[in-house]
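Here is the structure we will look at.
The chain is numbered in sequence order, starting from 1. Quick caveat, the model's predicted, so the values are computed rather than measured.
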Amino acid sequence: MKNNSLDERVNDFCMTICTVNGSGSATANITLLRAMFHMGIPVSGKNIFPSNIKGLPTWFSIRVSDDGYLARVAHDDIIVQMNPTTFQDDLNYDIPGGVVFYADHINLPIEREDVIVYPMPVKDLIRSAGVPHDLRDYMQNMVYVGIVGQILGIGMEFIKEALLRQFKQKPSVAESNFAIVKLAAEWAKTNLEKIDRYRAEVREPLDEYIMTDGNTAGALGAIYGGFQFCGWYPITPATSLAESLGMFAPKLRKDQKTGKNTFAIVQAEDELASIGMAVGAGWAGIRSMSSTSGPGISLMTEYMSLAYYAEVPLVLWDVQRVGPSTGLPTRTGQCDLNLVYFLGHGDTQQLVIIPSSVNECFEFGWKAFDLAEQFQTPVIVLSDLDLGMNLWMTKRFVYPDLPIDRGKIFWESDLEEHDGEWGRYLDIDGDGIPYRTVMGNKHPDAPYFTRGTGHDEFGKYSEDPEVWMRNMDRIKKKFDTAREKLPKPIYREMEDAKIGLIAMGSTESAVIEAQDRLADMGLLTDFMRVRALPFPKEVKKFIKSHERNYVLELNRDGQLHQIMIIEYCDMTDRLISLSYIDGLPMTADWIIKTVVRKEHVRND
């Protein structure tokens with residue numbers, strides 16, 4: 001098919017590369033992504049991979065958008081096909097007028113006549129380059145980098161820059177890969193006529209932006225926030241957060257005089273041990289954290305309940321995947337909101353902050369420690385696989401502009417001023433937050449007994465009903481105080497809008513795109529992104545100011561909607577749940593289709 005009838009699409013397409021897990025394709029995919037980023041084009045990359053080690057299908061989608069829309073789309077404009085197993089099924093996602101690059105050793109028919117096809121002699125080019133047999137399966141991915149780059153107009157200098165970035169410790173490896181890229185590009189230039197409508201074009205450099213993932217950003221934020229201890233156990237998709245701590249902390253957290261590390265990272269034998277270590281470190285007075293995902297959260301529940309009641313500060317990252325049970329370990333979702341907010345038995349409630357971007361992962365990485373110590377309680381940072389593991393374009397991180405806030409700590413001089421009239425759980429200021437002492441305080445009145453059983457204001461064991469009620473009411477008061485100190489909602493408003501869109505976390509990019517497209521259709525909406533639980537007063541004000549509010553989320557049961565119904569039972573008629581979970585990031589198309597359908601039903 002030769003397509004001259006459709007308008008040219010410059011810097012506006014979605015390309016999915018279809019390969020096999022463990023084939024080394026990640027390097028090639030990221031090279032294409034970074035090359036276009038170096039061209040000044042807004043891009044995002046989403047890796048959809050299986051939970052096995054090697055052999056099953058893997059897809060890597062690159063969204064390119066001059067308008068800055070970087071959410072997942074459910075269709076493909078361009079397919080790069082290297083996997084015969086999914087060859088026919090993947091073709092169904094290509095739009096009419098779309099493009100298919102395919103390795104020509106895949107001897108399967110392409111029966112669609114409404115797509116443009118570019119064969120790639122992958123194996124022939126690799127043989128002609130003299131690549132050793134043991135490296136051919138890996139190096140063949142560079143063939144599609146060269147051919148796709150040539151057809152789309154991705155400059156070779158940008159591809160080389162991306163490869164040097166990828167192999168910055170091994171420039172000779174970058175050169176050998178680039179040699180294959182150039183060979184493939186030259187072949188395409190000589191043998192393929194460009195007949196499709198898609199093109200990448202250079203824009204102004206994105207000097208204020210970087211490309212990274214949320215787990216790396218969260219780890220860096222924690223380091224700049226003064227983290228001193230991390231106890232963790234490997235679990236997808238949270239593992240790379242602790243690994244990033246281990247990568248950067250030795251460079252950034254060394255005592256300049258002694259050369260010794262000022263932190264400890266311990267890979268424990270299981271999730272129970274890791275959170276137990278984190279609770280103990282937080283009790284001792286150091287900035288302590290852990291990271292896990294849904295199954296790990298389930299195992300950590302009892303320790304988190306202890307930390308809530310004993311009022312021990314710590315930070316816990318939950319990088320969500322799809323549950324229940326083992327579920328879909330390498331897929332994304334927002335399934336843990338209810339779990340983490342009410343984590344623990346009895347009347348427990350946790351502080352939860354919810355980043356939506358890589359930049360917020362960095363910001364909340366350090367802010368979480370301040371909040372944990374200010375309110376003497378665990379703070380859960382609720383991220384997800386899409387945000388945590390995928391590459392996002394983000395503004396450069398800003399160094400924390402506030403001094404570290406360790407909350408209410410009594411040192412020797414403070415205890416002297418109070419002449420021994422101090423109790424670990426005594427509310428001196430009337431805000432529900434007591435004062436604490438930490439290890440290293442030598443005052444004789446500093447010690448107290450920490451217990452998970454009933455205790456009075458001075459930490460003494462008690463089963464007195466009035467003491468129990470008084471203590472639990474004080475803790476609740478502390479959380480009411482916290483409402484107005486947690487990150488406030490973010491708004492994106494349109495004049496005269498009567499409909500509200502409410503969402504959280506990584507769905508933001510899809511909601512923003514949907515909001516703009518709905519406006520083009522004549523349906524004006526305001527968007528509020530919730531960033532923390534418990535809700536501040538601004539959330540109720542937003543809900544009340546709109547005739548109806550669609551609560552958009554990636555889980556089956558509409559968990560954010562459920563919590564809002566509990567909190568604002570007098571406004572249930574203004575809250576409408578729109579939720580689903582299939583393991584993939586939310587799309588603007590789904591939002592538009594679902595909202596429009598609801599509006600049509602309402603108006604009929």
Is the gap between the ring centers of F479 and Y308 under 6.0 Å?
-> yes

Ring centres under 6.0 angstrom apart (H455, F449) = no

Please determine, by modelled atom types, if T450 and W283 share a side-chain donor-acceptor pair under 3.5 angstrom.
-> yes

Does NZ belonging to K476 count more than 12 external heavy atoms closer than 6.0 Å?
-> no

D526 (side chain) donor-acceptor with G500 (main chain) under 3.5 angstrom = no

Does the pair R406 and E373 meet the rule for a salt bridge (Lys or Arg N to Asp or Glu O under 4.0 Å), with working shown?
-> CA-CA 5 Å; R406 302 220 56 197; E373 293 202 301; 2.6 Å; yes

Among all residues two or more places apart in sequence or in another chain, which pass the salt bridge (charged side-chain N to carboxylate O under 4.0 Å, His left out) test with R529?
-> E360, E508

Under the 3.5 angstrom rule, does the side chain of S65 hit a backbone N or O of D67 as a donor-acceptor pair?
-> yes

Which residues satisfy the side chain to side chain contact (heavy atoms under 4.5 Å, CB included) test with T332, sequence neighbours excluded?
-> D384, L385, D386, P585

Carefully, step by step, assess R470 and E457 under the rule salt bridge (Lys or Arg N to Asp or Glu O under 4.0 Å).
-> CA-CA 9 Å; R470 194 164 62 233; E457 287 83 352; 2.5 Å; yes

Heavy-atom nearest pair, P237 first then S293, reads CD-OG, 3.5 Å

side-chain contact (heavy atoms from CB on, under 4.5 Å) assessment of I235 paired with R321 | CA-CA 10 Å; I235 184 171; R321 65 196 221 183; 3.4 Å; yes

Are E538 and M528 close enough, and set up right, to give a side-chain contact (heavy atoms from CB on, under 4.5 Å), and what steps lead you there?
-> CA-CA 10 Å; E538 289 85 354; M528 176 179 69; 5.9 Å; no

Side-chain (R72) to main-chain (T587) donor-acceptor, under 3.5 angstrom | no

Just wondering, are more than 12 heavy atoms of other shown residues or ligands nearer than 6.0 Å to CZ in F527?
-> yes

Closest approach of L339 to S298 (non-hydrogen atoms, all atoms of both residues) = CD2-OG, 4.3 Å

Under the 3.5 angstrom rule, does the side chain of E311 hit a backbone N or O of Q376 as a donor-acceptor pair?
-> no

With sequence neighbours excluded, residues passing side chain to side chain donor-acceptor pair (under 3.5 Å) with D66 | N11, R203

R492 and Q515 side chains, donor-acceptor separation under 3.5 Å = yes

Examine Y399 together with Y224 and report whether their ring centres are nearer than 6.0 Å.
-> yes

Hey, are Q374 and D405 close enough side-chain-wise for a donor-acceptor pair under 3.5 Å?
-> yes

Heavy-atom count around K408 NZ within 6.0 Å, excluding the residue itself: above 12?
-> yes

Evaluation steps, side-chain contact (heavy atoms from CB on, under 4.5 Å), between Y448 and W422 | CA-CA 10 Å; Y448 62 92; W422 169 76; 3.7 Å; yes

Does CD in E302 sit with more than 12 non-hydrogen atoms of other residues, nucleotides or ligands closer than 6.0 Å?
-> no

Does a side chain donor of either Q320 or R331 reach within less than 3.5 Å of an acceptor in the other side chain?
-> no

Taking only residues two or more places apart in sequence or in another chain, which ones pass side chain to side chain donor-acceptor pair (under 3.5 Å) with D427?
-> none

Strictly by modelled atom types, are Y341 and Q349 linked by a side-chain donor-acceptor pair under 3.5 Å?
-> yes

Would you find a donor on one side and an acceptor on the other, under 3.5 Å apart, between the side chain of R531 and the backbone of M504?
-> no

List the steps, then state whether side chain to side chain donor-acceptor pair (under 3.5 Å) holds for Y435 with D414.
-> CA-CA 10 Å; Y435 286 80; D414 303 308; over 6 Å; no

Do side-chain atoms of S579 reach the backbone of R556 as a donor and acceptor pair under 3.5 angstrom?
-> yes

Do you see a donor-acceptor pair shorter than 3.5 Å between the side chains of D456 and Y461?
-> no

List the steps, then state whether side-chain contact (heavy atoms from CB on, under 4.5 Å) holds for T292 with W232.
-> CA-CA 7 Å; T292 189; W232 70 289; over 6 Å; no

Examine the side chains of Q562 and D557 and answer whether a donor and an acceptor come within less than 3.5 Å of each other.
-> no

Heavy-atom closest contact (N390 atom, D213 atom, distance) = O-CB, 3.2 Å

Is the shortest side-chain N to carboxylate O distance from R517 to D589 below 4.0 Å?
-> yes

Is a side-chain donor or acceptor of R63 paired with a backbone partner of V43 at a separation under 3.5 angstrom?
-> no

Please list, chain by chain and in numerical order, all residues satisfying side chain to side chain contact (heavy atoms under 4.5 Å, CB included) with I565, sequence neighbours excluded.
-> H561, T572, L575

Non-neighbouring partners of L523 that pass side chain to side chain contact (heavy atoms under 4.5 Å, CB included), sequence neighbours left out = I499, L518, V595, E599

Look only at the side chain of T216 and the backbone of T212, and say whether a donor-acceptor pair between them is shorter than 3.5 Å.
-> no

Keeping the roles fixed (side chain from Q350, backbone from L343), state whether a donor-acceptor pair exists under 3.5 Å.
-> yes

Test: E547 and K498 ion pair at under 4.0 Å = no

Atom of Q334, atom of G505 and distance for their closest heavy-atom approach = NE2-CA, 4.0 Å

Polar side-chain atom of S545 near backbone of K541 as donor-acceptor pair, under 3.5 Å = yes

